Protein chains: 2
Amino acid sequence: MRNLADEIERFILRKLAGETNDITILQRNELADELSCAPSQISYVLSTRFTAERGFIVQSRRGSGGFVRIVRVPVQKIVYNKPDNIMDYCSPEDFENIIIKLNSERMITAREAGLIKYFLDVIDDYVNPVEKMRIFRSLLITLENNS
Amino acid sequence: MRNLADEIERFILRKLAGETNDITILQRNELADELSCAPSQISYVLSTRFTAERGFIVQSRRGSGGFVRIVRVPVQKIVYNKPDNIMDYCSPEDFENIIIKLNSERMITAREAGLIKYFLDVIDDYVNPVEKMRIFRSLLITLENNS
DNA sequence: ATAATAAAAGTCAACAATAGTCAAAGCGGA
DNA sequence: TCCGCTTTGACTATTGTTGACTTTTATTAT
């Protein structure tokens with residue numbers, strides 16, 4: 001028998017694959033209607049399949065004009081979950097790219113991105129690259145802790 | 001379906017972006033007419049989107065010749081308006097209080113507050129108080145520039 | 001000068017349109 | 001059978017939209 005959850009997962013993954021920035025937006029009721037299932041089933045799939053653990057971020061808004069935004073986040077895994085795998089240091093360009101990526105995937109706001117860039121720029125005068133990397137990681141954790 | 005609130009928000013933000021001094025003035029009924037919606041919908045958007053938390057001040061006048069003025073508030077104003085801004089430096093407690101104040105006035109988010117505190121803490125090891133104050137001011141301007 | 005009128009913006013409650021939660025039932029494989 | 005994943009639906013929470021009514025301000029008529 002067909003497995004709805006898997007079908008929904010595949011549908012969303014295909015939709016995501018068709019996007020250029022690993023971001024896709026859908027409407028829960030609409031998708032439920034299209035796949036002939038209960039709307040809450042979409043929520044179920046999102047909460048079991050599209051988890052941070054698997055490298056996704058799901059954001060949504062209720063009410064009129066509501067939506068669900070799904071973001072695939074490869075960077076998140078690197079930065080948050082695999083501290084052992086990450087490089088010991090980054091070039092300024094690497095930092096710039098990570099920050100841009102984090103912002104484009106809505107893990108940080110433009111204001112936070114600006115703050116972090118300014119921050120990294122300032123400490124450049126005082127710390128070595130390895131130390132800077134350590135500080136950067138702490139900084140992201142600080143952000144998480146205040147969410 | 002079309003989402004009026006978002007549309008109105010975008011309209012006002014665009015109008016604001018076209019101004020040179022972060023101030024724009026509009027008429028509620030006129031805008032409602034232009035966007036084909038109820039005038040009260042404009043009020044709704046102003047009260048939910050153009051809040052102090054998001055860095056806006058909305059003033060208005062009723063009656064004949066009435067208007068709505070929307071101002072994007074520079075964050076650093078709060079700091080600059082305080083007596084201590086005359087000083088060249090702050091104690092860590094002063095910084096802490098300013099940050100708490102900024103957050104309680106909803107000029108910065110909890111995440112931003114956390115970032116800034118961490119930031120100030122890190123550079124403490126490297127810069128003197130006067131330099132730290134200078135960096136703090138630049139930091140607020142950076143925040144402002146990314147709003 | 002005062003009263004009436006017109007021309008704004010504000011308030012609020014009702015209703016509509018979403019998405020989230022959770023308990024209970026269903027189903028399939030070990 | 002039993003356990004764990006799936007599926008549903010009733011209920012909740014959030015956000016948007018409208019219109020009737022109120023308040024404020026300016027203008028006009030007397």
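Not measured: the values here are computed from a predicted model. All chains are named by letter (A, B, ...) in the order of the sequence lines, taking the proteins before the strands, and each is independently numbered beginning at 1.
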Distances under 3.5 Å only, N/O to N/O: pair up the protein atoms with those of nucleotides 19-21 of chain D.
{"from": "D/dG19", "atom 1": "N7", "to": "B/Ser40", "atom 2": "OG", "distance (Å)": "3.4"}
{"from": "D/dG19", "atom 1": "O6", "to": "B/Ser40", "atom 2": "OG", "distance (Å)": "2.7"}

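For A/Gln27, taking side-chain heavy atoms from C-beta onward, the closest of the listed nucleotides C/dG10, D/dT7, C/dT18 is C/dT18. Taking the side chain of B/Ser43 as heavy atoms from C-beta on, and the options C/dT11, C/dT21, D/dT18, the nearest nucleotide is C/dT11.
Phosphate contact (OP1/OP2 of D/dC5, side-chain N/O of A/Asn3, threshold under 4.0 Å): absent. Listed pair B/Tyr44 / D/dT17 fails the phosphate criterion, with no side-chain N or O lying under 4.0 Å from OP1 or OP2. Contact annotation: B/Arg49 reaches the phosphate of D/dG16 (side-chain N/O to OP1 or OP2, under 4.0 Å).
Going from atom CD1 of A/Ile8 over to atom C1' of D/dT8 covers 12 Å, rounded to whole Å. Remark: P of D/dG9 and CG of A/Leu4 are 12 Å apart, rounded to the nearest angstrom. C/dA8 atom P lies 15 Å from atom CD1 of B/Ile25, rounded to whole Å. The nearest whole Å value for the distance from the CG atom in A/Asp33 to the P atom in C/dA17 is 15 Å. To the nearest angstrom, C1' of C/dA6 lies 13 Å from CG of B/Asn29. Protein atom CZ of A/Phe50 is 14 Å distant from nucleotide atom P of C/dG20, rounded to whole Å. One interatomic measurement links the two molecules: CD of B/Glu7 to P of D/dT17, which rounds to 9 Å at whole-angstrom precision. At whole-Å resolution of the value, CZ in A/Arg69 and P in C/dA19 are 13 Å apart.
A side-chain donor-acceptor contact under 3.5 Å links A/Ser138 to the backbone of A/Arg134. No side-chain donor-acceptor contact under 3.5 Å links B/Tyr44 to the backbone of B/Pro39.
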Please list every donor-acceptor pair under 3.5 Å in which a side-chain atom of residues 21-28 of chain B meets a protein atom from a residue at least two apart or in another chain.
{"from": "B/Thr24", "atom 1": "OG1", "to": "B/Lys15", "atom 2": "NZ", "distance (Å)": "3.0"}
{"from": "B/Thr24", "atom 1": "OG1", "to": "B/Glu19", "atom 2": "OE2", "distance (Å)": "3.4"}
{"from": "B/Gln27", "atom 1": "NE2", "to": "B/Gly66", "atom 2": "O", "distance (Å)": "2.7"}
{"from": "B/Arg28", "atom 1": "NH1", "to": "B/Ser43", "atom 2": "OG", "distance (Å)": "2.9"}

Protein-to-nucleotide contact annotation, 5' to 3' order, nucleotides 22-28 of chain D [B base; S sugar-phosphate only; - none; under 4.0 Å, heavy atom]: -BBBS--

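Contacts of A/Phe67 with the nucleic acid, taken as non-hydrogen atoms under 4.0 Å apart, involve only primed sugar atoms and P, OP1 or OP2.
Sorted by first and then second residue, the salt bridge (charged side-chain N to carboxylate O under 4.0 Å, His left out) pairs involving residues 30-45 of chain A (not counting sequence neighbours) form an empty list. Listed by first and then second residue, the salt bridge (charged side-chain N to carboxylate O under 4.0 Å, His left out) pairs involving residues 41-51 of chain B are B/Asp6-B/Arg49, B/Glu9-B/Arg49 (not counting sequence neighbours).
With sequence neighbours excluded, the residues that form a salt bridge (Lys or Arg N to Asp or Glu O under 4.0 Å) with B/Asp124 are B/Lys132. In this structure A/Glu112 satisfies the side chain to side chain donor-acceptor pair (under 3.5 Å) test together with B/Arg111, sequence neighbours excluded. Every residue two or more places apart in sequence or in another chain that forms a ring pair (Phe, Tyr, Trp, His ring centres under 6.0 Å) with B/Phe50 is listed here: B/Phe56. By the ring pair (Phe, Tyr, Trp, His ring centres under 6.0 Å) test, A/Tyr126 pairs with B/Tyr126, sequence neighbours left out.
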